[in-house]
Amino acid sequence: MHGALFLLFIFNTLHVGVEEGWKFRATTWKVLLACIVPFGTFYIDYSILRRIDPRG
């Protein structure tokens, strides 16, 4: 189950990155790396994703 959720997170991150036009070197790879590091997603949410305007 854990592996399936991990793969779902990877695919979802790539999908959102393409849809939102994230630059791979600036955002997408950091989000993917953060999912491997414990509590890395909290850092990414605080440092990168909060700057992205959800309204477009």
Side-chain angles (χ1 to χ4, degrees):
M1 187 65 172
H2 182 265
L5 290 174
F6 180 74
L7 289 175
L8 182 64
F9 180 84
I10 298 290
F11 292 134
N12 192 37
T13 300
L14 293 172
H15 177 72
V16 169
V18 169
E19 227 176 62
E20 295 295 322
W22 292 351
K23 295 185 189 266
F24 187 82
R25 290 186 178 193
T27 306
T28 308
W29 78 270
K30 292 177 185 177
V31 174
L32 292 173
L33 181 65
C35 74
I36 298 171
V37 177
F39 302 106
T41 53
F42 293 112
Y43 172 75
I44 291 298
D45 187 40
Y46 176 76
S47 66
I48 295 176
L49 297 181
R50 70 183 172 124
R51 291 186 229 150
I52 298 174
D53 186 13
R55 293 166 287 189

Does one hydrophobic cluster hold both [X] and [Y], with members joined at side-chain heavy-atom distances below 4.5 Å?
X: F9; Y: W22; result: yes
X: L32; Y: I36; result: yes
X: V31; Y: F24; result: no
X: F6; Y: L14; result: yes

### Heavy-atom pair with the smallest gap, counting every atom of R25 and K30
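Heavy atoms only, the tightest pair is O-CE, 4.3 Å.
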### Task
List the steps, then state whether side chain to side chain contact (heavy atoms under 4.5 Å, CB included) holds for C35 with T13.
CA-CA 10 Å; C35 74; T13 300; over 6 Å; no
### Message
Could you go through T41 and D45, starting from their C-alpha distance and side-chain angles, then the distance that decides it, and tell me whether this counts as side chain to side chain contact (heavy atoms under 4.5 Å, CB included)?
### Response
CA-CA 6 Å; T41 53; D45 187 40; over 6 Å; no
### Query
Taking it one step at a time, do V37 and Y43 satisfy side chain to side chain contact (heavy atoms under 4.5 Å, CB included)?
CA-CA 10 Å; V37 177; Y43 172 75; over 6 Å; no
### Query
To the nearest 0.5 Å, how far apart are CG in L8 and NE2 in H15?
11.5 Å
### Atom pair CD1 (I44) and CG (L33), whose distance is rounded to the nearest 0.5 Å
7.5 Å
